[in-house]
2 protein chains.
Amino acid sequence: MKASEQRRVTVKDVAEAAGVGVATVSRVLTGTGSASAATRERVLAAAARLDYRPSALGRNLRRRHTGGIGLLVPDITDTFYARLADGVLACAKSAGEPVILGTTGDDPEREAELIGSLLEESVERVIAVPCGDGEMWGPAFRAGLGVVFAEREVPGRNLPSVRADDRAGVRTAVEYLAGLGHRRIALLARHGQEQRVRAFREALAELGVPVDEELIVLARGTRDSAYAAAAGLLQRRPDVTAVLAGGNMLGEATVLAARELVIRIPRDVSLVMFDDVPWAELCSPPLTVISQPAHDIGYRAAELVLRERGRPRTVTLPTELIVRASCGPRR
Amino acid sequence: MKASEQRRVTVKDVAEAAGVGVATVSRVLTGTGSASAATRERVLAAAARLDYRPSALGRNLRRRHTGGIGLLVPDITDTFYARLADGVLACAKSAGEPVILGTTGDDPEREAELIGSLLEESVERVIAVPCGDGEMWGPAFRAGLGVVFAEREVPGRNLPSVRADDRAGVRTAVEYLAGLGHRRIALLARHGQEQRVRAFREALAELGVPVDEELIVLARGTRDSAYAAAAGLLQRRPDVTAVLAGGNMLGEATVLAARELVIRIPRDVSLVMFDDVPWAELCSPPLTVISQPAHDIGYRAAELVLRERGRPRTVTLPTELIVRASCGPRR
DNA sequence: ATCCATGATGGAATCGTTTCCATGAAGGCG
DNA sequence: CGCCTTCATGGAAACGATTCCATCATGGAT
């Protein structure tokens, strides 16, 4: 008692039913070329009657590329990237394009694999939060792939990208903390956030605060790595009075590590976290954050990759300091 | 100075380079059929030399279906679904399959659209958190689609699904609250969580607590809707002493609404939240939760849809009560 | 009345792969 | 030595759409 195999309705069936040639059917359905009103109507009626849905397979082969957008993020579990993905999906939806999601785990090798796999599928539009250097994107460009980078850019080349204004965000946070009297400010960042590290150094320099390299610590994109980085920093340097966390996972890790070490926020150390997330307000204490328009980043990136093929553009979106209760004066 | 269009390397090129026919190349590369060792080597060498990557387009058309897995979730921004998606991605990665992500927003119409679009792409495997009734899945089955439902099931038909043990989870939570002396326990649930509502009724009945229909309130899947539901409940019925939130967004909304209304947790009302999320521990107070294996649900669903085509199976994964500090004795 | 431009139309080629089938060679067995 | 099986191999068909091109009809302009 197996399900009866159902043959797919093809353009040929529609042509036959409408008494015209396949070329005419295609022309009517795609809206290209000309056809008389009577014919158009007959074709449309036949297509509707047979419940015809053109197969993307045939079309793709003929056109030699797949529709749709490839989306590469480090970790979909990180709400920042989830919101970014949501923005991409929102824009893709209005364009009727499917989205192929892949997670790199911030591993350049995995990233290269995913690029290869997208190439194999002949996907021609990709939005990526890059983690490798520019090298691995070579084959992609050579294959004519349209790429827009999000949140980060690859150094060297000048390629379209959509990013939050890291420089301004970091500067605002640092100035805010400095204004509270802090001098030994630490930065917790992910690999790939070199832009923020650079901005951090600059901001300190401008304020005349010497940069202490030991207070800049990098973590990989996992929860464990973030916790290790935060706990390590707090233990190694009990003299830090403020921490700037470069992402919500690092902020979370800092809160956790501080509790574990019985370091009170904000009495013992102040904390500013990059990226506003719903729980920042629920946290004890509510976290002061630099909010980033994650959704918009994704949406704009999708717009760029869909509508502005070829024209390399860089979009920078503003960040905002939201003061809550995780910062106090220097102890 | 435009980039030179690069012609794709095809099986024909490889055949020519290796001095064999296209059929032989295909046989060697796919591992089907027979070929002499010498030929195999020549083909492999030629393919490597030309950096040949078979186009998925041709293969898909010939095979009449696309590889890959369609994944339909209500909202990728909800960490539960993000973790579920992560599980699917993990399994898909090991199988080398791409994942096409779509969000339904718990809207049956949008769900139907997405199904249609997947059908058009000839995707043949789908993992979905269904929101509509069984109706709209009809065309999908008729087209021979392999579907595995996650987190929820559609009523009526007996179809493969992977779910957390809602019944046990709800019962555990209700028994825990009842054990603390609570009698007026409210349930905040999403549409689509009827299973949990049913379990809630049963659990109360078994404990001899009359069910008060006004204490069961349903919300849609947005933050706003969740907040409205929580705030509405708390205002309308100041006599509730405990709330069971059917998901992390509802839990979040409950904490927020309670603060707004100056209702203290757990002194004034106790809260148990479905789904353990990282911030539950960071929250003030730390939230008592029913944890769900979101990642595993996704992973198992992917396993099912990849390896067990046709064999309808239902997998139920255990939940766990994690006691933190959001519940107290009846006031 | 003739000619040309325009529009409608369908046949056939094309995209890149897999797979069916026919062919030829080689080897084992009686 | 001849026959049959097995293996290796390549040509060609198939998948389902789009699109090039040739054909034919129509109608306006000269």
Side-chain angles (χ1 to χ4, degrees), chain A residues 5-44 46-47 50-68 117 119-124 143-144, chain B residues 5-44 46-47 50-68 117 119-124 143-144:
Chain A
E5 277 308 319
Q6 191 119 342
R7 206 177 63 79
R8 192 181 179 104
V9 177
T10 76
V11 66
K12 211 171 160 187
D13 299 317
V14 177
E16 205 164 324
V20 299
V22 290
T24 304
V25 173
S26 178
R27 252 168 310 185
V28 169
L29 261 25
T30 60
T32 61
S34 54
S36 73
T39 312
R40 189 189 322 281
E41 203 153 330
R42 278 222 312 289
V43 169
L44 257 21
L50 297 179
D51 190 28
Y52 169 67
R53 307 197 58 126
S55 157
L57 262 35
R59 184 191 358 250
N60 289 345
L61 179 56
R62 176 65 223 234
R63 296 222 176 121
R64 283 146 82 167
H65 67 81
T66 307
S117 139
L119 245 31
E120 204 162 299
E121 304 271 336
S122 300
V123 171
E124 56 159 13
Chain B
E5 278 306 320
Q6 192 120 341
R7 206 177 61 79
R8 193 182 179 104
V9 178
T10 76
V11 66
K12 211 170 159 187
D13 300 317
V14 177
E16 206 164 321
V20 298
V22 290
T24 305
V25 172
S26 177
R27 250 168 300 169
V28 169
L29 259 26
T30 59
T32 60
S34 54
S36 73
T39 310
R40 189 188 322 279
E41 203 153 330
R42 277 221 313 288
V43 170
L44 258 20
L50 298 179
D51 190 28
Y52 170 66
R53 306 197 58 125
S55 156
L57 262 34
R59 184 191 358 251
N60 289 344
L61 178 56
R62 176 64 223 231
R63 296 223 176 122
R64 285 146 79 166
H65 66 81
T66 306
S117 138
L119 245 32
E120 206 162 296
E121 303 271 335
S122 301
V123 171
E124 57 158 13

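Labels below follow one simple rule: chain letters A, B, ... track the order of the sequence lines, proteins then strands, and each chain is numbered from 1.
Residues meeting the side-chain contact (heavy atoms from CB on, under 4.5 Å) test with A:L61, sequence neighbours left out: B:L57, B:L61. For B:R63, there are no salt bridge (Lys or Arg N to Asp or Glu O under 4.0 Å) partners at least two apart in sequence or on another chain. Judged as a side-chain hydrogen bond (donor to acceptor under 3.5 Å, both in side chains), and not counting sequence neighbours, the contacts of B:T32 are B:T30. With sequence neighbours excluded, the residues satisfying side-chain hydrogen bond (donor to acceptor under 3.5 Å, both in side chains) with A:S36 are A:T39. Applying the side-chain hydrogen bond (donor to acceptor under 3.5 Å, both in side chains) test to B:E120 and every residue at least two apart in sequence or in another chain returns A:R53.
When heavy atoms are screened at a 4.0 angstrom cut-off, B:T10 is found touching the sugar-phosphate backbone but no base atom.
Rounded to an integer number of Å, the gap from A:R8 CZ to D:dA14 C1' is 16 Å. Rounded to a whole Å, the CG atom of A:L57 is 18 Å from the P atom of D:dA14.
Along DNA chain C, read 5' to 3', the first and last nucleotides having any atom under 4.0 Å from a heavy atom of chain B are C:dG16 to C:dT19.
Taken residue by residue, residues 13-23 of chain A places heavy atoms nearer than 4.0 Å to DNA chain C at A:G19, A:V20, A:G21, A:V22, A:A23. Of the residues in residues 58-68 of chain A, those lying under 4.0 Å from DNA chain D by heavy-atom distance are A:G58, A:R59, A:L61, A:R62. The stretch residues 28-36 of chain A comes close to DNA chain D through A:T30, each having a heavy atom under 4.0 Å from the strand.
Here salt bridge (Lys or Arg N to Asp or Glu O under 4.0 Å) pairs that include residues 9-19 of chain A, with residues two or more places apart or in two chains, are A:R7-A:D13.
When each of B:R40 and A:P54 is assigned the nucleotide of DNA chain D with its nearest heavy atom, B:R40 is the one assigned upstream, toward the 5' end.
When all heavy atoms are compared, the tightest approach of A:A56 to B:E121 is CB-CA, 3.9 Å. Closest of all the heavy-atom pairs between A:L50 and A:A17 is CD1-CB, 3.9 Å. What you find for A:R64 and A:S122 is that their closest heavy atoms are O-CB, 4.5 Å.
By the 4.5 Å heavy-atom criterion applied to side chains, A:L29 and A:V43 are counted as neighbours.
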Distance-only criterion, 3.5 Å: show the donor-acceptor pairs between side-chain atoms of residues 21-28 of chain A and protein atoms not counting sequence neighbours.
residue, atom, partner, partner atom, Å
A:T24, OG1, A:R27, NH2, 3.4
A:R27, NE, A:A23, O, 3.3

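Five base pairs at each end of the helix from C:dA1-D:dT30 to C:dG30-D:dC1 define two local axes, and these are offset by 50° (rounded to 10°).
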